[in-house]
Structures are given as structure tokens and as C-alpha cells.
K.L.:
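This is the structure I want to talk about, given as C-alpha cells.
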Amino acid sequence: MEIASKYNPSASEDKWYKYWMDQKLFHSEPDEREPYTILMPPPNVTGVLHMGHMLNNTIQDILIRRARMMGKNACWVPGTDHASIATEAKVVNRLKERGIDKKDLTREEFLEHAYEWTDEYGGIILKQLQKMGASADWDRKYFTMDEDRSEGVIKSFVELYEKGLIYRGVRMVNWDPAALTALSDEEVIYKEQQGKLYYLRYKIEGSEEYVTIATTRPETILGDTAVCVHPDDERFTHLKGKKVIVPLVNRVIPIIQDEYVDMEFGTGCLKITPAHDVNDYEIGMKHNLKVIDIFNDNGTLSEAAELFVGEDRFEVRKSIIPTLEEAGNIVKIEDYNNKVGYSERTHVAIEPKLSAQWYLKMDEISKPALENVMNDTVQFHPAKFKNVFRHWMENVKDWCVSRQLYWGHQIPVYYLEDNTFVVAETKEKALEMAKEKSGNANLTIADLRQDDDVLDTWASSWLLPFTGFEKPEDLAYYYPTSDLVTGHDIIFFWVARMIIAGYEFKGELPFKNVYFTGMVRDKQRRKMSKSLGNSPDPLDLIDKYGADSVRIGMLFCSPAGGDLLFDESQPEQGRNFANKIWNAFRLVKGWEIDDTIEQPESAKQAIAWFDAKLDQTIETLDDHFSKYRISDALMTVYTVFWQEFSSWYLEAIKPAYQKPLDAATYKATCEFFDKMLRILHPFMPFLTEELWQALEERKEGESIMTVDMPTVSGADASLLDKFEMLKEAVGGVRNVRKGKNIPMKDALALNILSGDGFSDYFNPILTKLANLSELNMVNEKVEGAISFMVRTSEYFVPMDGLIDVEEEIKKLEKELAHQQGFLKGVMKKLGNERFVGSAPEAVVAKEKQKQADAEAKIKTLTESIANLKK
RNA sequence: GGGCGAUUAGCUCAGUUGGUUUAGAGCACUUGGUUUACACCCAAGGGGUCGGGGGUUCGACUCCCUCAUCGCCCA
């Protein structure tokens with residue numbers, strides 16, 4: 001059979017993905033097996049695959065494929081998120097390009113455009129996930145705004161309202177003047193910004209005196225309703241009870257006192273604009289101040305401002321300065337850095353604004369979630385995120401769930417003519433309630449006005465662990481889900497709220513484990529971004545290196561919770577590994593098999609050893625997976641395949657050039673290969689399927705995806721240490737060859753003076769791998785030979801006196817010095833009575849063993865040096 | 001300003017409740033090697049006073065304090 005010398009991923013990827021789909025291998029239905037469920041964090045419906053998705057979904061696919069092979073009923077539920085504000089912003093932009101203004105559209109018309117957009121772009125990302133090999137159950141694909149999900153969202157709102165947990169409140173919110181909607185605190189990003197600090201003086205009423213305040217937002221003086229000083233500030237005690245005049249608008253406002261004021265900052269005198277600053281608002285409430293809202297929703301100045309009406313807030317900040325200057329109110333202007341909040345979605349500066357919104361009370365319902373994360377009922381990996389979580393949960397604020405958008409679940413609140421309202425799942429139900437409430441039996445649906453607002457996107461996605469399952473029997477079987485894999489950046493947006501919802505609505509946790517991924521950054525630790533051009537397209541990488549290579553490339557260095565510094569050398573390393581596996585397969589399949597020849601001893605031993613090695617590897621792998629150390633698990637299979645299997649095992653059994661291999665060894669090797677492919681499969685699904693299918697004749701419908709993961713077989717573990725000694729011996733001979741420039745094809749003789757724990761078990765392999773003409777056990781040192789030590793045994797390669805005595809002595813003395821230094825350290829410990837007295841016995845015994853070994857080596861080395869010096 | 005975390009080889013990271021030979025891995029680097037699966041390869045090698053200082057202990061990369069630097073979250 002002729003096999004290409006390089007693996008060609010593109011040829012096999014589409015083929016096997018189609019095969020898996022045709023065979024319905026991703027699909028799960030409840031049965032008697034233990035379920036293993038992952039809810040895929042839904043990407044935005046109009047999104048495209050980026051490196052973050054790639055990392056995230058690779059990890060999920062690894063977990064789900066492994067669980068499937070471990071006999072569980074694995075179900076990975078995919079879907080897309082309507083992403084209300086993000087999608088609406090995109091639709092608004094596209095309409096603008098077509099010359100359409102959102103304002104000119106009715107809600108229905110706008111939604112038509114939005115659906116058109118989602119139909120066009122929606123689901124592209126799911127197709128892209130298939131390219132990377134995602135084994136999700138596509139038959140269960142959901143959309144957060146489809147009928148089933150919407151029903152769940154509305155139901156939950158009504159339920160929470162009826163429990164008294166939802167209320168309407170006028171509060172200071174984060175207002176996005178571009179999207180014209182309120183945002184939750186989590187949707188605001190604070191950025192350091194270079195600005196100015198303006199010192200403005202306000203005339204005191206009935207006096208020629210002034211007070212000076214400092215502000216970063218001079219335009220807001222138009223909304224000032226007080227000036228505030230600290231009660232203990234002696235500089236201002238004489239102003240108590242006086243009033244000042246707001247510049248330009250000449251409004252008379254009181255001077256109040258409050259401990260909130262920082263005496264050190266600015267002039268110690270603070271202007272209060274309750275409508276446009278959260279802290280000012282609170283002070284305003286406390287002191288019963290008037291609230292003057294000087295901004296329109298879009299960030300221009302309103303009639304209430306009296307001046308600059310209709311102009312943009314940032315324009316006014318500039319143009320008000322000369323006006324103030326002219327009026328003699330500017331004292332000085334300083335450079336000042338402060339933090340300004342920006343909308344996560346539209347990137348405009350948010351405006352604190354008073355507004356009526358719907359809130360969900362968080363304090364009570366978040367308690368079970370906090371408790372069950374802290375006691376590890378829900379486990380976080382890595383656990384350090386528990387602290388972050390606790391901090392947020394202990395200071396949780398009520399959740400503003402309403403958004404002034406069209407794209408989303410419209411709030412099920414229906415207003416009557418008199419502005420009282422009812423909350424119901426359907427219009428019909430609402431009408432019934434309204435009739436009862438008003439006592440008017442003649443009301444019709446047309447008399448009810450549904451609230452214009454929609455719900456925050458997260459108010460639908462926090463329910464997904466259960467609304468993700470439509471049939472009750474599915475929900476009963478799959479819920480709670482097993483693992484959640486997501487970025488730590490949405491721990492509050494999503495993870496915390498899902499846990500809250502799980503306990504609130506189901507009385508049970510939504511998932512048992514949360515694996516947090518880091519962010520994918522470039523080598524300079526910069527975030528991946530379009531403008532920097534440092535964000536590779538995962539699909540291009542898949543084209544270039546193959547999906548398996550990109551998958552494992554991402555994982556080589558991706559600790560849980562830590563950022564992944566991506567570089568193209570990583571998929572390249574992945575490709576190299578894929579090729580290594582490919583070529584090992586090519587080697588094995590290329591051998592001619594002869595079932596009449598006897599199995600060599602060396603092969604028998606190599607098989608016994610590798611059996612034990614594989615056993616140990618499976619144990620290590622299980623341990624890594626149990627701790628969610630995915631990178632370590634990958635590195636384990638990487639090393640075992642490349643180092644142990646390819647470089648040691650295959651070399652040990654390899655027949656001489658153009659000689660056949662015995663049938664028994666071939667059979668064992670194919671079994672090993674089969675097992676190696678299985679443990680590799682979750683990481684590299686395509687290549688392993690390709691080779692597994694080629695390893696032997698398979699029946700239609702068979703797949704490596706559904707065979708069992710190898711389990712620990714109880715192999716002889718003592719062989720492992722003996723083999724490590726063999727490796728050292730082979731290395732020793734290689735060093736001799738290198739030092740003397742003796743090519744591999746010239747056979748050498750080797751004599752061994754055995755020490756403690758020596759085993760000759762692997763001598764046949766040693767003979768083969770070191771290319772020895774003879775291998776003898778001796779009772780005394782060999783003259784005229786180059787020597788090296790493995791543990792306490794001494795190995796001699798006779799050189800017919802062709803050795804450089806000086807060099808040999810130097811080499812041995814160096815080793816001697818090292819051993820003596822080591823012994824000194826050991827003796828220092830053992831010489832310390834307090835150590836011997838207080839350390840555990842086992843530790844002391846270990847030190848004594850070290851001492852004995854070191855002394856034996858020193859003795860041998862000293863003698864050898866003396867011999868050479870003779 | 002408050003909180004959380006990090007600092008170990010050139011880079012990215014392990015190092016599990018303090019004691020497994022005087023700290024490990026991958027990549028990178030240096031040297032040598034190609035008729036015999038793979039140069040997307042094989043073999044060998046160099047490289048770290050575990051951020052600085054102090055403390056606890058018989059013993060500290062590991063625990064405590066402090067300083068420095070960086071990152072993240074929240075205000």
C-alpha cells in the first residue's frame with residue numbers, strides 16, 4: 001500500500017464530518033446510560049467565528065468526545081443568541097447605509113428588517129463550528145428568540161413578577177445615547193481618558209464673593225441644583241445657609257453640606273447635578289434637591305438646559321468655555337485623567353440618566369447561588385474565580401432588565417388607560433386580568449398597550465440550561481448539565497445568573513463544573529482586534545494547517561483561566577504532530593509481515609514495557625481530565641506518542657532494513673496504535689478517524705467516535721523504571737559514539753559492572769538500540785575503556801586503549817565533584833539532629849538512601865579515576 | 001480608591017496539603033546527523049541564586065509579612 005508521506009487534512013475532514021453526520025453520531029436521545037451534557041455558550045446569531053470561539057469550542061468538543069467514548073450519553077446542545085443590543089446596532093447601521101432611519105420605522109417594520117438580516121447571516125457561525133469538528137447535536141439547535149425559548153423567558157418574567165421580585169423603578173441608569181437604551185452596569189466599560197479639570201467660580205448671592213468648584217463636565221452646570229461642601233471644612237463655614245448663582249443661567253441654588261465631599265479634591269467645593277451623576281443623584285435625594293435633566297435621549301441638550309438647546313453634549317463642552325470665560329467664571333483649567341464609561345456595544349460615552357426601568361431584585365435569589373459555589377457544589381476551574389464571584393455576589397445590585405430596543409423579548413406588561421398595568425404571559429390572559437382589575441368587562445385587547453421595552457439579552461440566556469431542552473422528558477434526563485465552558489469575562493453577565501436561575505426556577509444547580517477559558521491574545525499580549533489586524537481567521541488557519549492542528553495548537557499552552565498567547569507557530573507545531581502520527585502509521589503499515597518467523601526477545605520486552613507505559617499514561621490522563629487540566633492532558637498524549645511510542649517503542653521493534661516483521665509483534669503494535677488513536681481522538685478527531693478506519697477493515701457505520709476509551713489494564717509497573725535505566729544506558733553509548741565519532745552502523749562491545757537494582761531484563765533491547773556486537777556482565781573494572789554510570793552500575797565501552805586518558809579523568813572528576821556536592825547537601829540534613837528527630841521517618845529513610853547511592857557512586861568514580869591515573 | 005490574582009529557563013507555562021536525588025515541560029536556541037516512516041525528522045547540549053527584602057521551620061518555589069512590577073475585576 002502506497003501512502004503519501006504527508007498528511008493531507010482537507011481531503012479527510014469534510015469526508016469524515018459528513019460520515020459522522022450521516023451516521024447521526026452526534027445525536028443524543030435519553031436512554032439508560034448516564035448523561036453527559038454541555039450547553040454551548042450561544043454565539044451571537046450574526047457573528048462570525050473568531051479565535052475565542054475556536055478555543056472555547058475545542059475544549060467543549062474534547063470533553064464531549066471523551067465522555068462519549070467513556071460510555072456516557074453525551075449531548076452537546078448548540079444554539080445562537082439574538083444578542084439584542086449588538087444585533088440591533090448592526091441592523092441600524094445597515095439600514096443607515098441604505099438610507100433608512102430607525103426612527104422612521106414602526107416596531108414591526110424594524111423587526112422585519114432584523115429577521116431578514118438574521119436569516120441572511122444567522123447560523124453562519126454554526127457552519128464554521130462544524131469545520132473545526134464540533135460534535136454538537138445539531139438536531140437540538142436553538143435560537144434564543146425562537147418560540148420555545150421566548151415562551152420560557154416570558155413565563156419566567158411573569159413568575160418573578162408574581163413572586164414580587166420584579167419592580168418598576170425610576171433610577172439612575174447607564175444611558176447609551178447612540179442605541180437610545182439603558183444598559184446594565186456590566187455593559188459599561190470604563191476607560192482612562194485624558195481630559196481637563198475646569199475650575200469655575202459661582203457668585204454668592206447678595207455678595208461680591210465667589211466660590212470655586214472643579215468639574216470635568218462644565219456643560220452640566222446648566223443642570224446644577226446645589227453646591228456642596230464638607231461640614232467640617234472650615235474654609236466654607238461662613239457660607240452655611242447662603243446661596244450661589246449658577247453662571248450663564250443665573251439660577252439661584254443653595255449651598256449644602258455633606259460628608260460625601262472629598263476636601264482634598266479640587267477646591268473642596270462640589271457642584272451637584274442630580275440628573276447627570278450617580279453620586280450627585282444620591283446627594284440630591286438626601287437633600288431633597290430639584291432634578292433638572294438637561295439632556296435629550298440622544299445626548300443633545302434639552303429645553304431644560306435653556307442654553308445650547310439641540311447641540312451635542314461634547315460640542316457644548318467646547319463651546320461653553322469661551323462663553324464662561326467671557327462671563328468671567330473661569331478660574332483655571334488643568335489637565336486631568338479620569339475614567340469615562342463607554343457602551344460595550346456602541347462604544348459611545350454613556351450618560352448617567354434618570355429613567356423608569358424594570359428591575360429584578362437580586363439579594364435574596366442570589367443567595368443559594370453564592371452558597372453553592374462557595375461550598376463547591378458548583379465547581380469553578382480554576383477555583384480562583386470563586387473569589388471574584390463571591391465579591392460580585394456579596395455586592396450584587398438589582399438587575400435592570402429592560403432595554404429600549406425592538407430586537408428582543410417584549411416585556412409582558414400591559415397598561416390600561418389609567419396607566420395601571422397587568423403582567424401576563426399572553427395578551428388574552430392580560431385582557432382577562434385587566435377586565436378584573438378595572439371592573440370593566442367591555443375592555444378589548446386594543447385597549448391594552450404592551451410595554452415598549454424588551455428584555456436584556458441575558459434575561460433569556462440565563463435560562464438556557466433548562467430552556468435549552470424542549471421536551472419535559474429530555475429536561476428530566478439532561479438537567480442539570482455537566483460542564484460549562486466559557487470565558488471568564490462573562491462570569492457575571494451569564495455564569496452567575498445561570499446559577500441563580502437554576503436554583504430559583506429548578507431548585508437545583510444548572511451545571512456541576514464551570515471551566516473558564518482565558519482570552520486569546522497575540523504574542524505581545526494585545527487583544528485580538530480587527531483594527532490591529534492581529535486576529536487570524538480560524539478558517540484560514542484550518543485551511544492552511546488542518547482543523548486538528550489548529551485545535552491542538554490552541555491548546556498547547558492554554559491553562560484554564562489564563563490568557564492564550566496565540567502565534568502561528570502553534571498550529572504549525574500541531575501540523576508537525578499530525579504528520580508525525582501519520583508517518584508512524586505509514587511505517588507500521590509499510591512493514592511486510594511474516595507469520596513464520598519467531599518473535600525476537602527485544603520485541604517481546606518492548607511490548608511488555610509499552611503496555612505498562614500506556615497503562616501509566618491512561619492513569620495520568622484520567623487524573624488530568626478529572627482536574628480539567630486539558631493542556632496537560634494533551635501534552636501527555638503528545639509526549640507518549642512522540643517520545644515513548646515513536647522514538648522508543650517503534651525503534652525497539654523495528655525490523656532490520658527490508659526484513660519482515662513477525663506477526664505477533666505486528667498484532668500487538670496495531671493494538672497499541674488503536675489505543676493511541678483512541679486517546680488522541682478527542683483532541684484530533686479527523687486524523688484519528690482517518691487512521692482508525694485505515695488500521696483495519698471497518699464495517700459501515702463504525703467510527704472511532706463510538707468505541708470505548710482504553711482503560712487501565714493492570715500492566716507490570718516495575719518495568720517502567722527498568723526501562724528508564726535502559727534509556728540512560730542507550731544514551732550513554734550514544735554519547736560515547738558522539739565523543740569518539742563512531743557511526744551508528746559500527747557495532748560496539750559493552751561491559752556492565754552491575755550495581756544495586758541493576759536488571760538485565762532489557763539487555764536485548766539495549767543490544768539492538770545501541771548496536772552492540774557483544775554485551776557482557778563483568779566483575780571488575782575494564783581497562784582502556786570509556787566508562788559511564790547509570791545509577792550505581794558502571795558501563796564500559798572497550799576502546800583498545802584508544803582513549804584520551806586526560807579527557808576521561810576530567811569527565812569523571814566533574815561527575816565526582818557533582819556527586820560530592822550532592823552528598824554534602826544530604827549529609828548536612830542528616831547531620832542535623834533536629835531533622836532526624838522531627839522529620840517523618842520516610843523522609844529520613846529517603847535521605848539515607850540518597851546518601852548510600854551517592855557514596856557508592858563516589859567510591860566507583862574515585863576508583864576509576866585512580867585506575868586511569870596509574 | 002476597593003478587591004482578586006500573578007511574578008520560576010529567551011518565550012509560554014507545570015511544580016498537587018512544605019521534604020521524589022542541587023526545580024521540570026513544550027517551543028525557541030546551539031552542535032552533530034539524511035540510502036533504510038517522518039528535516040513538518042533524529043540525537044546530544046547550553047540556559048534559572050524560583051521578582052527584591054524579611055520572617056516561621058530541622059527544612060521554603062511552596063506558608064506569613066513587606067516592597068516593587070504587571071494584569072484583571074469593581075467603583
Side-chain angles (χ1 to χ4, degrees), chain A residues 3-7 185-186 188-190 262 278-279 339 341 382 384-392 394-395 397 488-489 491-492 518-519 521 523 525 545 549 553 556-559 561-567 569-570 572-591 623-624 627 629 631-632 634-636 638-639 642-643 646-647 650-651 654-659 730-731 734-735 737-739 741 743-745 791 818-819 821-826 828-840 842-844 846-847 849-851 853-854 857:
Chain A
I3 311 174
S5 74
K6 284 186 171 58
Y7 169 54
D185 290 342
E186 288 72 28
V188 178
I189 301 161
Y190 289 88
D262 178 359
V278 180
N279 298 310
K339 292 210 170 163
K384 67 176 178 185
F385 287 106
K386 279 167 74 177
N387 282 329
V388 183
F389 177 82
R390 186 182 61 199
H391 190 251
W392 189 74
E394 283 175 350
N395 298 287
K397 294 197 194 118
H488 62 75
D489 50 332
I491 185 167
F492 308 130
M519 250 200 223
R521 297 169 177 276
K523 267 223 137 158
R525 273 189 194 281
Y545 298 102
S549 305
F556 278 128
C557 232
S558 176
D563 287 349
L564 167 69
L565 274 52
F566 183 82
D567 182 84
S569 68
Q570 288 156 0
E572 201 176 300
Q573 192 189 344
R575 178 202 59 190
N576 294 353
F577 184 47
N579 203 49
K580 183 75 189 176
I581 300 169
W582 180 262
N583 273 290
F585 183 81
R586 201 158 72 99
L587 173 70
V588 172
K589 277 288 162 180
W591 281 326
D623 184 51
H624 284 322
K627 292 170 181 150
R629 299 174 146 188
S631 288
D632 290 349
L634 170 63
M635 200 43 75
T636 302
Y638 180 85
T639 308
W642 203 314
Q643 301 306 320
S646 299
S647 296
L650 289 179
E651 290 304 324
K654 201 186 232 178
Y657 182 48
Q658 290 192 332
K659 290 274 167 32
V730 172
R734 280 176 183 157
N735 275 334
R737 288 184 183 279
K738 193 168 184 185
N741 249 325
M744 188 58 195
K745 61 184 176 195
R791 314 279 169 96
H818 177 259
Q819 288 299 331
F822 175 68
L823 180 63
K824 209 172 139 195
V826 174
K828 200 177 148 197
K829 268 191 186 174
L830 286 170
N832 185 332
E833 277 171 34
R834 297 221 272 166
F835 168 71
V836 181
S838 42
V843 176
V844 178
K846 219 172 278 171
E847 289 302 312
Q849 184 60 49
K850 286 187 203 170
Q851 179 196 356
D853 286 357
K857 277 193 187 180

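Order of the sequence lines fixes the chain letters, A, B, ..., with proteins taken first and strands second; residue numbering starts at 1 for each chain.
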K.L.:
Suppose we define a pair by two distances each less than 3.5 Å, Watson-Crick or G-U wobble; what does B/G26 pair with here?
P.N.:
B/C11
K.L.:
Have a look at A/Lys386 and say if it touches a base, only the backbone sugar-phosphate, or nothing, with a 4.0 Å heavy-atom cut-off.
P.N.:
nothing
K.L.:
If you check every side-chain atom of A/Lys580, which of B/C41, B/U20, B/U16 has the closest atom?
P.N.:
B/C41
K.L.:
With a non-hydrogen cut-off below 4.0 angstrom, is A/Ser838 in contact with a base, only sugar-phosphate, or nothing?
P.N.:
base
K.L.:
NA contact type, A/Gly825, heavy-atom cut-off 4.0 Å: base, sugar-phosphate, or nothing?
P.N.:
nothing
K.L.:
Would you classify A/Phe577 as touching base, sugar-phosphate or nothing, given that sugar-phosphate means primed atoms plus P, OP1 and OP2, and contacts are heavy atoms under 4.0 Å?
P.N.:
nothing
K.L.:
Looking only at side-chain atoms of A/Phe822, point me to the closest of B/U21, B/A44, B/A25.
P.N.:
B/U21
K.L.:
Of the candidate nucleotides B/A37, B/G3, B/U20, which contains the atom at the shortest distance from the side chain of A/Lys850?
P.N.:
B/U20
K.L.:
Of the candidate nucleotides B/C73, B/A37, B/G5, which contains the atom at the shortest distance from the side chain of A/Lys384?
P.N.:
B/G5
K.L.:
Given B/C58, B/C38, B/G26, identify the nucleotide with an atom nearest to the side chain of A/Asn579.
P.N.:
B/C38
K.L.:
Report which part of the nucleic acid A/His488 touches: base, sugar-phosphate, or nothing (heavy-atom distance under 4.0 Å, all strands).
P.N.:
nothing
K.L.:
What is the distance, to the nearest angstrom, from the NZ atom on A/Lys829 to the P atom on B/U21?
P.N.:
10 Å
K.L.:
Just compare B/C42, B/G45, B/A37 and give me whichever is closest to any side-chain atom of A/Trp642.
P.N.:
B/C42
K.L.:
For A/Gly731 and for A/Thr639, locate the closest nucleotide of RNA chain B by heavy-atom distance; then report the residue assigned to the nucleotide nearer the 5' terminus.
P.N.:
A/Thr639
K.L.:
Can you work out whether A/Val836 or A/Ser646 has the more 5'-proximal nearest nucleotide on RNA chain B?
P.N.:
A/Ser646
K.L.:
Just to be sure I understand the rule, does A/Asn832 reach a base, reach only the sugar-phosphate, or reach nothing, if contact means heavy atoms closer than 4.0 Å?
P.N.:
sugar-phosphate
K.L.:
Using the C1' atom on both, measure B/G48 against B/U12 and round to a whole Å.
P.N.:
15 Å
K.L.:
For a quick check of understanding: with a heavy-atom distance under 4.0 Å over all strands, which category does A/Gln643 fall into, base, sugar-phosphate or nothing?
P.N.:
nothing
K.L.:
Would you say A/Tyr657 reaches B/A37's phosphate, i.e. side-chain N/O to OP1/OP2 under 4.0 Å?
P.N.:
no
K.L.:
For a quick test of reading the model: is some side-chain N or O of A/Arg629 closer than 4.0 Å to OP1 or OP2 of B/G15?
P.N.:
yes
K.L.:
Please check the phosphate of B/C41 (OP1 and OP2 only) for any side-chain N or O of A/Asn576 closer than 4.0 Å.
P.N.:
yes
K.L.:
Taking the six-membered ring where the residue is Trp, are the ring centres of A/Phe389 and A/Phe492 under 6.0 Å apart?
P.N.:
no
K.L.:
Within the 4.0 Å heavy-atom criterion, would you say A/Asn741 contacts the bases, only the backbone, or no part of the nucleic acid?
P.N.:
nothing
K.L.:
Counting the atoms with a prime plus P, OP1 and OP2 as sugar-phosphate, which does A/Pro743 contact under 4.0 Å by heavy atoms, base, sugar-phosphate, or nothing?
P.N.:
nothing
K.L.:
Across the strands shown, which category fits A/Ser647 at heavy-atom distances under 4.0 angstrom: base, sugar-phosphate, nothing?
P.N.:
sugar-phosphate
K.L.:
Looking for any heavy atom pair under 4.0 Å, which part of the strands does A/Arg734 touch: base, sugar-phosphate only, or nothing?
P.N.:
sugar-phosphate
K.L.:
Between A/Asp853 and A/Lys857, does at least one N-O distance fall below 4.0 Å, as a salt bridge requires?
P.N.:
no
K.L.:
Using the P atom as the point on both nucleotides, what is the distance between B/U16 and B/G55, in whole Å?
P.N.:
25 Å
K.L.:
Side chain of A/Leu587 only, heavy atoms from C-beta on: which candidate in B/U16, B/A37, B/U20 is closest?
P.N.:
B/A37
K.L.:
Over how many whole Å does the gap from A/Phe492 atom CZ to B/C72 atom P extend?
P.N.:
15 Å
K.L.:
From C-beta outward on A/His818, which listed nucleotide comes closest to its side chain: B/A44, B/G5, B/U22?
P.N.:
B/U22
